[in-house]
K.L.:
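Take this structure, written in structure tokens, and hold onto it; I'll ask about it next.
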Amino acid sequence: MKFYEVLGFKKNEDFSDANGIGMMWDDNIWVMLLTHEFYQQFLRGQLVADTQAVSGSMTAFSMDSIEEVKKFAQTAKENGGDFYHVELGMSEEQMYELEVKDPDGNILSAAWMAM
């Protein structure tokens, strides 16, 4: 929870208990941080992924500037996460993106695009 709080998410007490914590980016974007036991109930026979070894998803966030993308990634690194850049062959004036890993290995793609 602390990792996501320092990135700018806010805890929603109404959707938090011993099974998980609802973390809000804004009114429309949430992540749910669930215990493995509780999460397993939603998987219909699938296993909870070891996200240090395999990736199951990437969640993308649009930022207002390249500086915000860099700050988001650096804050993640300073709080137990990491980040890296994937070269997509686009100029920074068109798009800038960093892949941020949370401490569990989940990927958050922070991006700015000229629109």
Side-chain angles (χ1 to χ4, degrees):
M1 182 181 85
K2 183 176 178 170
F3 176 81
Y4 281 89
E5 283 179 330
V6 298
L7 292 178
F9 288 80
K10 304 286 187 248
K11 181 180 178 184
N12 183 315
E13 294 291 344
D14 293 333
F15 291 93
S16 299
D17 62 18
N19 292 313
I21 299 168
M23 299 297 292
M24 300 175 63
W25 179 254
D26 63 24
D27 288 341
N28 299 303
I29 301 171
W30 293 48
V31 294
M32 294 298 296
L33 309 175
L34 305 177
T35 65
H36 284 191
E37 295 78 24
F38 186 66
Y39 182 50
Q40 187 67 55
Q41 295 179 55
F42 299 92
L43 302 182
R44 295 198 125 190
Q46 292 178 293
L47 299 175
V48 174
D50 175 357
T51 53
Q52 296 296 337
V54 298
S55 178
S57 69
M58 179 187 325
T59 304
F61 293 87
S62 179
M63 303 274 183
D64 291 330
S65 68
I66 293 171
E67 292 75 26
E68 283 189 31
V69 171
K70 290 179 179 179
K71 181 179 177 187
F72 184 86
Q74 188 59 43
T75 300
K77 187 168 189 165
E78 291 169 359
N79 288 277
D82 202 1
F83 69 90
Y84 55 92
H85 175 72
V86 175
E87 182 53 53
L88 300 173
M90 297 179 153
S91 70
E92 284 190 14
E93 292 80 28
Q94 186 178 12
M95 180 177 161
Y96 186 80
E97 180 176 25
L98 292 173
E99 309 317 321
V100 175
K101 283 191 149 187
D102 75 7
D104 290 325
N106 298 297
I107 300 174
L108 306 171
S109 181
W112 168 85
M113 291 186 288
M115 303 271 245

K.L.:
Please, which pairs that meet side-chain hydrogen bond (donor to acceptor under 3.5 Å, both in side chains) have at least one residue in residues 70-79, sequence neighbours excluded?
P.N.:
Gln74-Glu78

K.L.:
Is Leu7 reachable from Tyr84 through a run of hydrophobic residues whose side-chain heavy atoms are each under 4.5 Å from the next?
P.N.:
no

K.L.:
Using every non-hydrogen atom in the two residues, find where Ala76 and Val100 come nearest and quote the distance to one decimal.
P.N.:
CB-CG1, 3.4 Å

K.L.:
Considering only distance and modelled atom types, tabulate donor-acceptor pairs under 3.5 Å from the side chains of residues 10-22, sequence neighbours left out.
P.N.:
residue, atom, partner, partner atom, Å
Asn12, OD1, Asp14, N, 2.8
Asn12, OD1, Phe15, N, 3.3
Ser16, OG, Asn12, O, 2.7
Ser16, OG, Gly22, N, 3.2
Asp17, OD1, Asn19, N, 2.7
Asp17, OD1, Gly20, N, 3.3

K.L.:
Answer with yes or no whether the hydrophobic clustering places Ile107 together with Tyr96; edges join I, L, V, M, F, W, Y residues whose side-chain heavy atoms lie under 4.5 Å apart.
P.N.:
no

K.L.:
Following the transitive rule for hydrophobic clusters with a side-chain heavy-atom cut-off under 4.5 Å over Ile, Leu, Val, Met, Phe, Trp and Tyr, establish whether Phe61 and Met23 coincide in one cluster.
P.N.:
yes

K.L.:
Taking side-chain hydrogen bond (donor to acceptor under 3.5 Å, both in side chains) as the cut-off, I'd like each qualifying pair that reaches into residues 97-115, sequence neighbours left out, listed once.
P.N.:
Tyr4-Asp102, Glu97-Ser109, Glu99-Ser109, Asp102-Asn106

K.L.:
Do other residues, nucleotides or ligands put more than 12 heavy atoms under 6.0 Å from the OH atom of Tyr39?
P.N.:
no

K.L.:
For the hydrophobic clusters of this structure (ILVMFWY residues joined by side-chain heavy atoms under 4.5 Å, transitively), does one cluster hold both Val6 and Phe9?
P.N.:
no

K.L.:
Could you list the donor-acceptor pairs under 3.5 angstrom formed by side chains in residues 40-49, with sequence neighbours left out?
P.N.:
residue, atom, partner, partner atom, Å
Gln40, NE2, Gln46, O, 2.5

K.L.:
Mind checking whether Met24 and Leu108 sit in one hydrophobic cluster, side chains of I, L, V, M, F, W, Y counted as touching below 4.5 Å?
P.N.:
no

K.L.:
Restricting to ring-ring contact (aromatic ring centres under 6.0 Å, His included), what partner residues turn up for Phe3, sequence neighbours left out?
P.N.:
none

K.L.:
List the atom of Gln52, the atom of Pro103, and the distance in Å for their closest heavy-atom pair.
P.N.:
NE2-O, 2.9 Å

K.L.:
What side-chain donor-acceptor pairs closer than 3.5 Å can you find for residues 26-34, not counting sequence neighbours?
P.N.:
residue, atom, partner, partner atom, Å
Asp26, OD1, Asn28, N, 2.7
Asp26, OD1, Ile29, N, 2.9

